[in-house]
Every structure is written in C-alpha cells, then in structure tokens.
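In what follows, a single structure is set out as structure tokens and then discussed.
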Amino acid sequence: MPELLVGATRVAVAPSANLLDALLGAGIAVPYSCRAGSCHACLVRCLAGEPLDMQPQALDAARRQQGWRLACQCRVVEDLQVQPFDPGRDGRPARIVQCDWLSDEVLRLRVQPEQPLRYRAGQHLLLWTATGIARPYSLASLPGDDDFLEFHLDCRRRGAFSDAARQFAVGDELRLGELRGGALHYDPDWQSRPLWLVAAGTGLAPLYGVLREALRQGHQGAIRVIHLAHDQDAHYLAGPLAALAARHPQVQVGLWTAAELPAALAELRPVSRQTLALLCGHPDSVEGFTRRLYLAGLPRSQMYCDLFLPHAP
C-alpha cells in the first residue's frame with residue numbers, strides 16, 4: 001500500500017485512493033469546496049512522489065512546475081509526500097477596507113492587498129480567513145479604476161465562511177489564494193456585437209465587473225443585463241445598474257424573480273445570431289438560461305459560463 005507523508009504524519013492508504021479523502025482521513029485539515037477542480041481550495045504541493053492527476057489542465061504550467069496539485073483531483077498511486085497550501089506562508093496578505101450589506105443577504109467586501117494584484121474583470125479569487133477557512137469568490141471590482149478588490153458574499157445560507165464573514169470588520173486581515181477564471185471576460189473584438197450578461201444571485205458580481213469593462217472600452221452594441229433573484233428585495237445592485245443604464249443608452253436591465261422566470265424564459269430570444277451571452281450563477285439557473293438561448297438559435301460557442309458550485313459535502 002502506498003504511504004502518504006505530511007509533515008510528521010505518515011499513513012498507509014489504499015491504492016488509487018483520492019488524495020483529498022486520504023488527507024482528511026488522516027486528520028490533515030485541508031480546506032475544500034467544490035470537489036470538482038474549480039475552486040482550488042485544496043491545493044497541495046508534492047515534495048516527493050507523483051499522484052495520478054485526473055485533471056492536469058486545471059492548473060497552469062508554472063504552478064504544476066512548482067509541484068502544486070489539486071488534492072480532490074488526484075489519486076495516490078505511489079509513496080507521496082505533500083505539503084498543504086498554507087495561507088500564512090503561500091498566500092498574499094490583504095486587509096478589509098470596507099464591509100457593508102448591499103441587501104439583507106449580500107455582504108459587500110472591499111479588500112486592499114498588501115501588494116497590487118493583476119487581474120481581469122470576471123475572474124475569481126480564493127479568500128482565506130485568519131482562522132484558515134477558504135472559499136472562492138468572484139471579483140466585482142474593475143482593475144485600473146478601483147483601488148480595492150470587491151466581492152459580493154451570499155450569506156443567505158449558513159456556511160463556515162459566510163458565518164465568519166458576518167463577523168468581519170474593517171482592518172481585519174485576510175489572505176488571498178489562487179486567482180482563477182477566464183470564461184467571463186470582455187474581448188475588445190466584441191465592441192459591435194450584442195452582449196447579454198445573465199446572472200442568478202451573486203453571479204451578478206463578476207458580470208458587474210465585465211459590464212463596467214465593456215463600457216470603459218466603448219462597447220457600441222446593445223448590452224442586455226438580466227438578474228434573476230428569489231424576490232424583488234434580492235436585486236442587490238438594482239440602483240447601480242439603473243444608474244449605468246441611465247448614462248449609457250445601449251444598456252437595458254431586466255430584474256426577474258423566480259416566480260416570473262418561466263414566462264420570462266419563454267419570451268427570451270436573442271435579437272441577432274451575433275449575440276454573445278455571458279452567464280453566471282447556480283448550475284441549475286445557468287443551465288436553464290443556456291438551454292433556452294440554444295433553443296432560440298444561439299450557438300453554444302457564443303455562450304460563456306461560470307458556475308457557482310455548491311459546497312460539496
């Protein structure tokens with residue numbers, strides 16, 4: 001049986017055991033969220049040996065060269081020594097500079113990194129609390145215009161990170177982990193094409209950044225923003241979106257509730273086959289929108305999706 005070595009802990013594991021399960025079973029506190037290779041919360045560095053990586057494309061070449069792997073996507077096939085990601089050692093230090101509620105359920109968090117972070121509108125970042133709780137969140141800020149990193153945290157449901165976030169205060173320290181994403185972005189070549197930004201819940205956060213990026217770059221085509229929420233009070237950016245639409249005549253904003261969704265979907269039709277759609281939110285909501293757009297004639301190659309995966313049990 002292969003042996004797994006983490007610090008002073010050495011355990012025998014079943015051949016081809018999932019590395020994350022083996023670490024958790026050995027009492028090693030490795031955070032995780034999606035178990036799908038998307039959130040990057042379970043990063044570990046291989047110091048000796050090599051696991052069988054089921055999703056090698058999930059990390060860029062530089063990270064892989066440094067020995068980093070996603071524990072949830074690896075199987076132990078030989079003796080292996082690993083070092084879990086340590087936010088104190090491997091993360092970027094940052095401090096909270098603003099913390100307020102955009103609605104009863106959505107906490108706006110503005111964070112100032114100790115060193116500037118290069119990112120693109122639409123990307124997401126792993127946040128670590130001072131107590132070692134990790135969760136990926138999308139960036140709502142606009143690089144170059146905002147001198148902070150902004151996140152919209154959905155605190156409607158209980159969770160380790162959202163519970164901790166309710167106690168956040170200005171001045172608290174956080175650590176920043178992996179910067180990820182790329183499906184949601186703005187391409188200057190899109191300037192004349194109709195652009196749809198379709199979000200469910202706090203899936204609006206990265207699309208708010210993409211919308212502002214498109215307007216900053218002088219987008220000429222029509223922009224339609226659709227936000228799906230469980231009720232009217234949950235349209236937490238209704239005011240800022242209305243202000244942008246008032247200043248930019250090509251922007252149209254639709255605020256939908258869950259009760260209105262079936263009828264609204266039935267009427268959902270792109271005005272042009274050149275339309276590009278960026279969609280973000282819970283997988284069920286995104287799949288419902290993409291299915292309707294496809295049936296209405298929009299090729300899937302013109303849809304860019306980012307899914308907010310629920311926390312894996």
Side-chain angles (χ1 to χ4, degrees), residues 120-124 138-143 145 152 181-232 234-308:
R120 299 186 308 275
Q123 289 189 288
H124 53 86
S138 291
L139 287 150
S141 45
L142 185 61
D145 279 13
H152 301 161
L184 302 182
H185 64 287
Y186 181 74
D187 189 326
D189 291 340
W190 296 348
Q191 284 202 348
S192 62
R193 301 178 68 171
L195 183 62
W196 284 27
L197 306 176
V198 184
T202 50
L204 184 56
L207 295 182
Y208 183 60
V210 171
L211 170 62
R212 295 166 63 208
E213 181 65 49
L215 295 173
R216 180 170 69 174
Q217 296 201 30
H219 187 83
Q220 300 300 309
I223 301 177
R224 185 174 184 183
V225 181
I226 296 173
H227 183 224
L228 173 65
H230 56 83
D231 59 43
Q232 288 293 343
H235 292 302
Y236 69 92
L237 286 183
L241 288 174
L244 284 174
R247 294 198 305 270
H248 301 277
Q250 76 270 41
V251 176
Q252 176 190 359
V253 177
L255 304 178
W256 298 359
T257 64
E260 299 166 339
L261 182 60
L265 277 179
E267 300 297 322
L268 193 62
R269 291 180 178 83
V271 295
S272 166
R273 284 185 60 84
Q274 294 300 307
T275 298
L276 295 158
L278 277 63
L279 308 98
C280 187
H282 189 278
D284 291 344
S285 299
V286 171
E287 178 57 29
F289 279 117
T290 55
R291 186 186 306 115
R292 177 57 201 166
L293 289 173
Y294 178 75
L295 292 174
L298 191 66
R300 288 196 180 267
S301 61
Q302 291 169 213
M303 303 182 210
Y304 300 84
C305 304
D306 193 2
L307 305 179
F308 282 8

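Small disclaimer: the values here were computed from a predicted structure and weren't measured. Below, all heavy atoms of this structure are taken into account, side chains as well, without hydrogens, waters or symmetry copies.
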* Asked: Could you give all pairs that pass the salt bridge (Lys or Arg N to Asp or Glu O under 4.0 Å) test and reach residues 199-212, with sequence neighbours left out?
  -> D146-R212

* **Counterpart residues, side chain to side chain contact (heavy atoms under 4.5 Å, CB included), relative to A245 (two or more places apart)** => V251, V253

* From CG (L295) to CZ (R269), nearest 0.5 Å -> 10.5 Å

* **Those residues that, when tested against R224, pass side-chain hydrogen bond (donor to acceptor under 3.5 Å, both in side chains) (two or more places apart)** => none

* Structure fact -> Across all chains, not counting sequence neighbours, the side-chain hydrogen bond (donor to acceptor under 3.5 Å, both in side chains) partners of T257 are E260

* To the nearest 0.5 Å, how far apart are NE2 in H282 and CD in E287? -> 12.5 Å

* Shortest non-hydrogen contact from L142 to G209? -> CD1-O, 3.8 Å

* Taking only residues two or more places apart in sequence, or in another chain, which ones meet Y208 in a ring-ring contact (aromatic ring centres under 6.0 Å, His included)? -> none

* Structure fact -> Sorted by chain and number, sequence neighbours left out, ring-ring contact (aromatic ring centres under 6.0 Å, His included) with H124 holds for none

* Please confirm whether the backbone N or O of H219 pairs with a side-chain atom of Q250, one donor and one acceptor, at under 3.5 Å? => yes

* Are any non-hydrogen side-chain atoms of D187 and L276 less than 4.5 angstrom apart? -> no

* Nearest heavy atoms of L265 and W256, plus distance in Å -> N-CZ3, 4.4 Å

* By side-chain hydrogen bond (donor to acceptor under 3.5 Å, both in side chains), which residues pair with R216, not counting sequence neighbours? -> D145, E213

* Nearest heavy atoms of L298 and Q302, plus distance in Å -> CD1-NE2, 3.5 Å

* Which atoms form the tightest heavy-atom contact between F308 and P206, and what is the distance? -> CZ-CD, 4.3 Å

* Not counting sequence neighbours, which residues clear side chain to side chain contact (heavy atoms under 4.5 Å, CB included) with L307? List them please. => P283, V286, L309

* Structure fact -> Distance col, row L278:CG vs I223:CD1, nearest 0.5 angstrom, shows 10.5 Å

* Asked: Who are the side chain to side chain contact (heavy atoms under 4.5 Å, CB included) partners of D231, not counting sequence neighbours?
  -> D233, A234

* Asked: Aromatic rings Y236 and H152: how do their planes relate, parallel, tilted or perpendicular, breaks at 30° and 60°?
  -> perpendicular

* To do: Side-chain contact test, heavy atoms from C-beta onward, threshold under 4.5 Å: evaluate it for P299 versus R273 and give yes or no.
  => yes

* Asked: Could you walk me through whether V225 and L244 pass the side chain to side chain contact (heavy atoms under 4.5 Å, CB included) check?
  -> CA-CA 11 Å; V225 181; L244 284 174; over 6 Å; no

* Asked: Would you say the side chain of L293 lies within less than 4.5 Å of the side chain of T275, judging by non-hydrogen atoms?
  -> no

* Asked: Mind checking what makes side-chain hydrogen bond (donor to acceptor under 3.5 Å, both in side chains) contact with S141, not counting sequence neighbours?
  -> Y119

* So, for H185 and A183, which heavy atoms are closest and what is the spacing to 0.1 Å? -> ND1-O, 3.1 Å

* From Y294 atom OH to M303 atom CE, the distance as rounded to the nearest 0.5 Å -> 8.5 Å

* Structure fact -> Scanning both residues in full, the closest heavy-atom pair of L228 with A258 reads CD1-N, 4.0 Å

* Partner residues of R292 under the salt bridge (charged side-chain N to carboxylate O under 4.0 Å, His left out) criterion, sequence neighbours left out -> none

* **Residue of the set L237, L255, L207 for which side chain to side chain contact (heavy atoms under 4.5 Å, CB included) holds with H227** => L255

Enumerate donor-acceptor pairs with a distance under 3.5 Å from any side-chain N or O in residues 188-205 to protein atoms, sequence neighbours excluded.
{"unit_1": "Q191", "atom_1": "NE2", "unit_2": "Q217", "atom_2": "O", "d": "2.5"}
{"unit_1": "R193", "atom_1": "NE", "unit_2": "Q274", "atom_2": "O", "d": "2.9"}
{"unit_1": "R193", "atom_1": "NH2", "unit_2": "Q274", "atom_2": "O", "d": "3.1"}

